[in-house]
Amino acid sequence: MAVYALVDCNNFYVSCERVFNPALEGKPVIVMSNNDGCAVARSAEAKIIGVDMAAPAFKLRHLVESHGLVMLSSNYALYGDMSERVMSVLATFSPGAEVYSIDECFLDLDGLPVDDLTAWSQQIRATVRRWTGIPVSVGIGSTKTLAKLANRLAKKSKKANGALDLTGNPKWVEAALKQTPVGDVWGIGRQYAAHCGVNGICTAYDLTLQSDGWIKKTMGAVGLRTVMELRGTPVHTLDTAPSDRQTTCCSRSFGEAVEGFDQVRDAVVTFASRAAEKIRGQGLVAGALQVFAYTDRFRPDQPQFSLNSLIRLSPPTSSTPHIIGAALRGLETSWRDGYGYKKAGVILVDLVRPEDIPRDLFSQPQDAGVKPKALMAAVDGINSKLGKGAVGYGFAPKDAPWQMRCDNRTPSYTTSWDELPVVKA
DNA sequence: TCTGGGGTCCTAGGACCC
DNA sequence: TCTGGGGTCCTAGGACCC
């Protein structure tokens, strides 16, 4: 029988912040999205005082006064580094590990010499906590979807104490399914949950009783796979070597809406060069690019407009000047004056490894004069040594109105020499 | 005043081919 | 008068995830 564990960090971003600032322990704390827009991580105390996931920050400010809510800007350099530490600890517990997201990891337990899975889970929790400072929960099931479901219950139940194994007895699975609202199942989002509700399907258990035909019709092939997994048939296997990305996006909401072409252009140059850096880091080249910009959808009183254009890159490239040039051509052709643009971005698509590029009869060797590969390697090398943005293209002043807001960011404690935590005697 | 960013997969429909 | 059917590829949009 297949056995999967899902290890999930509790309130991950908040937990990372607490490792370096223990004074946040016991307090209601949230971490906000980019641009300080809304809550993306909440401590248990913040959940208790009624902070919802994705609650807009401006609706939470009053809780700072009334309940001592601490609102932090997100610090992805810190979370990414802490994530790597947690994952490296987890890898010591099983040869089969799939890093599923920044704060989650599936482990394949099939064939591991473990007889008490609950005790083993508690050992994982203790080890990760001691070595990284991060609290985690562990759920175990015969499919990935059931491991997810077990993990959710492990977090909720006091008795479980952060670890729940559903593999010992089919009755445990049935009980777990019955106490899980259908909308909390992995793979059932808002739309499908609403559809289920209308049809009197309230729990995960109810969902397993529906006919395959009905499930396929209302939730498609993906929904059917989810239900098979709830019934105990493994469909999703462990993916330990994730394949290359197909797309990469760099986009931001602006701190404030901007009307001028020049400002949107500066932003697009910045996004294009970030996106190019990203794919170079993965050893990929892009066959095309999309550039987009749109107005503030939360202001229906203002004129709305959305521009989007697709530019082919032939031959496929990861060179920053080529990608910036294409993005600007796209922006110019679809640009319209007279709108307050609130967000823009660049998406690199049709990503491939250079050796997999199909031969093109007519394409010319790229850039006869300067070798873009050497140039880009030099640029990336300097930035890696001296810090992000040491050299680059375009003009992106720190005070440009389109730069994102980020008023309360903690230091990059673990990834920047200048920001190491200091211990005072 | 103020609402994130980055992904995946599937499906329906149109264009095109024979 | 009468106007097929099956296949592929591409794209846009919609669902989901963290």
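Convention: sequence-line order gives letters A, B, ...; per-chain numbering from 1. Atom set for the values below is all heavy atoms of this structure, side chains included, hydrogens, waters and symmetry mates excluded.
For the 3.5 Å distance criterion, the side chains of Asn10(A) and Ser137(A) qualify, holding a donor opposite an acceptor.
One interatomic measurement links the two molecules: CG of Asp296(A) to C1' of dT1(B), which rounds to 11 Å at whole-angstrom precision. The OH-C1' distance, from Tyr192(A) to dC16(C), rounds to 7 Å in whole Å. In this structure, Gln290(A) atom CD and dG13(C) atom P are separated by 11 Å, rounded to whole Å. The separation between Glu256(A) atom CD and dC2(B) atom P is 11 Å, rounded to whole Å. When the C1' atom of dC16(C) is taken as reference, atom CE of Met219(A) falls 12 Å away, rounded to whole Å. Atom NZ in Lys144(A) sits roughly 12 Å away from atom C1' in dC17(C) (whole-Å rounding). One interatomic measurement links the two molecules: NE2 of His236(A) to C1' of dC17(C), which rounds to 11 Å at whole-angstrom precision. The distance from atom CG of Leu149(A) to atom P of dC17(C) is 13 Å, rounded to the nearest whole Å.
For the C1' atom pair drawn from dC17(C) and dG4(B), the interatomic distance equals 15 Å after rounding to whole Å.
Here OG1 of Thr237(A) is found 8.0 Å from CD of Glu98(A). Values are rounded to the nearest 0.5 Å. Put simply, CD on Gln304(A) and NZ on Lys342(A) are 12.0 Å apart, with the number rounded to the nearest 0.5 Å.
By the 4.5 Å heavy-atom criterion applied to side chains, Phe12(A) and Cys16(A) are counted as neighbours.
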Self-check item: Base-contact (B) and sugar-phosphate-only (S) positions in nucleotides 4-11 of chain B, heavy-atom cut-off under 4.0 Å, - elsewhere
Solution: BSSSSSSS
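Side-chain nitrogen and oxygen atoms of Arg299(A) include none within less than 4.0 Å of the OP1 or OP2 phosphate oxygen of dT1(B).
Across all strands shown, Ile102(A) has no heavy atoms under 4.0 Å from either base or sugar-phosphate atoms. Within the 4.0 angstrom heavy-atom criterion, only backbone atoms of the sugar-phosphate kind lie near Val185(A); the bases stay farther away.
The two residues Met32(A) and Ala57(A) have their closest heavy-atom pair at SD-CB, 3.7 Å.
For Trp335(A), the ring pair (Phe, Tyr, Trp, His ring centres under 6.0 Å) criterion is met by Phe261(A), Tyr341(A), not counting sequence neighbours.
A salt bridge links Arg231(A) and Asp212(A); the closest N-O separation between the charged side-chain nitrogens and carboxylate oxygens is under 4.0 Å. We find that Glu277(A) and Arg280(A) are not joined by a salt bridge, their nearest charged nitrogen and carboxylate oxygen being 4.0 Å or further apart.
The only member of Tyr192(A), Tyr4(A), Tyr100(A) that meets ring pair (Phe, Tyr, Trp, His ring centres under 6.0 Å) when paired with Trp186(A) is Tyr100(A).
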Self-check item: Pair pattern of DNA chain B in dot-bracket, where unpaired bases get dots and | marks partners in another strand, Watson-Crick or G-U under 3.5 angstrom
Solution: ....||||||||||||||
